[in-house]
Amino acid sequence: MSILSELIHDLGALFFPPRCPVCRGELKAGDRTVCTRCLAEAPLTRYWLAIDNPLSRSFWGLLPVEQASALIFFSAHSGWRQLIHDFKYRHQWRLALEMGRWYGTELQESDLYHTIDVVVPIPLHWRKRLLRGYNQSEYLARGIAQKLGIPCDLDSVRRHRNNPSQARRSREERWQNVEGIFSVRHPERLEGKHILLVDDVLTTRATLISCGEAILKAVPDCRLSVAVLATSKHHIQHP
């Protein structure tokens with residue numbers, strides 16, 4: 001970083017001190033992305049430490065996954081939900097990258113994810129990606145892959161149909177909305193690999209299952225695991 005860039009950064013921090021994206025309090029020296037108090041009080045699921053956890057069980061009979069975990073629980077009025085909203089809709093993609101790095105550190109310290117070969121984010125359709133400017137799941141996946149020390153494949157799986165948003169749709173409509181929207185254009189890259197599918201938020205599991213089914217159809221000898229940043233206890237208890 002140049003001297004001028006450092007000066008501009010310091011002036012910006014002086015007049016506009018960085019804020020914690022969860023509680024909106026001022027970040028102190030040494031805080032990274034999220035303040036120390038919010039980190040200490042984070043609603044961690046710790047699902048990455050157990051094979052038989054509620055998220056894994058929610059995929060039984062729907063998609064053959066070896067491991068499934070989420071980093072945090074969120075609720076409608078949680079500051080963590082606002083953090084996700086910020087990196088998903090307010091161009092704060094660096095938040096997604098940092099959250100991915102945090103998640104990747106937790107996965108790396110677990111004994112259950114050492115056989116992962118490649119990280120694959122749930123893709124956006126190119127029109128939606130162009131409109132938003134980025135795919136937040138890609139940044140989560142990049143952060144996770146960086147900490148696991150493995151590749152992040154952004155090209156092999158694509159969303160070939162621009163399906164409408166899942167928001168405000170009934171559970172049945174969400175499943176119908178994602179049917180057959182994914183395809184694999186480079187199956188040879190995934191052959192024999194243990195793939196970690198990454199998404200930001202898990203609700204009905206419809207999108208993840210549709211993507212996983214497309215991958216297994218194109219690459220029958222691969223293995224699948226799932227990592228989502230956030231879920232709610234309600235969605236796990238009511239598949």
Side-chain angles (χ1 to χ4, degrees), residues 1-49 69-110 113 119 121-124 128-152 154 165 167 196 198-203 227-233 235:
M1 182 181 290
S2 68
I3 295 176
L4 179 59
S5 297
E6 290 180 356
L7 179 60
I8 293 173
H9 180 272
D10 291 342
L11 286 173
L14 177 64
F15 292 104
F16 305 100
R19 298 280 173 179
C20 173
V22 179
C23 69
R24 306 300 172 180
E26 184 176 335
L27 289 176
K28 307 299 183 183
D31 287 344
R32 184 180 178 89
T33 308
V34 175
C35 73
T36 303
R37 187 185 70 177
C38 287
L39 281 177
E41 298 176 352
L44 300 178
T45 71
R46 303 198 184 280
Y47 287 163
W48 59 90
L49 299 175
S69 67
L71 181 66
I72 58 173
F73 291 117
F74 73 95
S75 58
H77 303 292
S78 165
W80 293 95
R81 186 178 187 277
Q82 184 59 50
L83 177 149
I84 294 169
H85 192 274
D86 285 348
F87 73 59
K88 192 168 183 176
Y89 301 113
R90 295 184 177 177
H91 309 290
Q92 297 184 34
W93 55 265
R94 290 180 181 83
L95 278 178
L97 182 63
E98 288 300 325
M99 292 300 290
R101 288 170 176 163
W102 177 17
Y103 197 1
T105 298
E106 301 292 350
L107 296 178
Q108 198 277 330
E109 293 176 357
S110 167
Y113 292 82
V119 181
I122 297 295
L124 285 178
K128 187 173 291 186
R129 196 181 192 286
L130 186 63
L131 183 65
R132 185 174 295 174
Y134 60 96
N135 176 4
Q136 71 280 354
S137 293
E138 285 186 11
Y139 284 102
L140 287 170
R142 287 177 187 270
I144 290 172
Q146 184 182 100
K147 291 301 181 179
L148 292 180
I150 58 177
C152 182
L154 306 179
S165 171
L196 184 65
V198 171
D199 206 2
D200 53 358
V201 179
L202 180 142
T203 51
V228 296
L229 181 67
T231 189
S232 73
K233 294 179 181 179
H235 286 125

Among residues at least two apart in sequence or on other chains, which ones pass ring-ring contact (aromatic ring centres under 6.0 Å, His included) with H85?
Y89

To the closest 0.5 Å, what do you measure between OG1 (T231) and CG (D200)?
11.0 Å

With sequence neighbours excluded, what pairs up with S110 under the side-chain hydrogen bond (donor to acceptor under 3.5 Å, both in side chains) test?
none

Is the number of heavy atoms from other residues, nucleotides or ligands under 6.0 Å of R46 CZ greater than 12?
no

Among all residues two or more places apart in sequence or in another chain, which pass the side-chain contact (heavy atoms from CB on, under 4.5 Å) test with E26?
P17, R19

Between the side chain of Y139 and the main-chain N/O of G100, is any donor-acceptor distance below 3.5 Å?
no

In this structure, CD of E106 is separated from CH2 of W48 (nearest 0.5 Å) by 4.5 Å

CG/L229 to CD/Q136 distance, rounded to the nearest 0.5 angstrom?
10.5 Å

May I ask you to check whether Y113 and S69 show a side-chain donor-acceptor distance below 3.5 Å?
yes

Results of side-chain hydrogen bond (donor to acceptor under 3.5 Å, both in side chains) for S137 - residues two or more places apart only:
D199

Provide the closest heavy-atom pair for K147 versus G104 in the form atom of the first, atom of the second, distance.
CB-C, 3.5 Å

Is any side-chain heavy atom of K28 closer than 4.5 Å to a side-chain heavy atom of D31?
yes

Hey, does the side chain of Y103 reach the backbone of V228 with a donor-acceptor pair shorter than 3.5 angstrom?
yes

Measure the spacing between OG1 of T36 and CD of E41 and express it to the nearest 0.5 Å.
11.0 Å

If every non-hydrogen atom of V34 is compared with every non-hydrogen atom of C20, which pair is closest and at what distance?
CG1-SG, 3.9 Å

Please find the pair of heavy atoms, one from N135 and one from I122, that lie closest to each other, and give the distance.
ND2-O, 3.0 Å

Please report the closest heavy-atom contact between L27 and T33, naming both atoms and the distance.
CD1-O, 4.0 Å

Side-chain polar contacts of residues 73-84 - donor-acceptor pairs under 3.5 angstrom, sequence neighbours left out - could you list them?
from, atom 1, to, atom 2, distance (Å)
S78, OG, W80, N, 3.0
Q82, NE2, D86, OD1, 2.9

How long is the gap from CD on Q146 to CG on L148, to the nearest 0.5 Å?
10.5 Å

Heavy-atom closest pair (W102 atom, L71 atom, distance to 0.1 Å) is CE3-CD2, 3.9 Å

Sequence neighbours excluded, which residues qualify as side-chain hydrogen bond (donor to acceptor under 3.5 Å, both in side chains) partners of E138?
R129

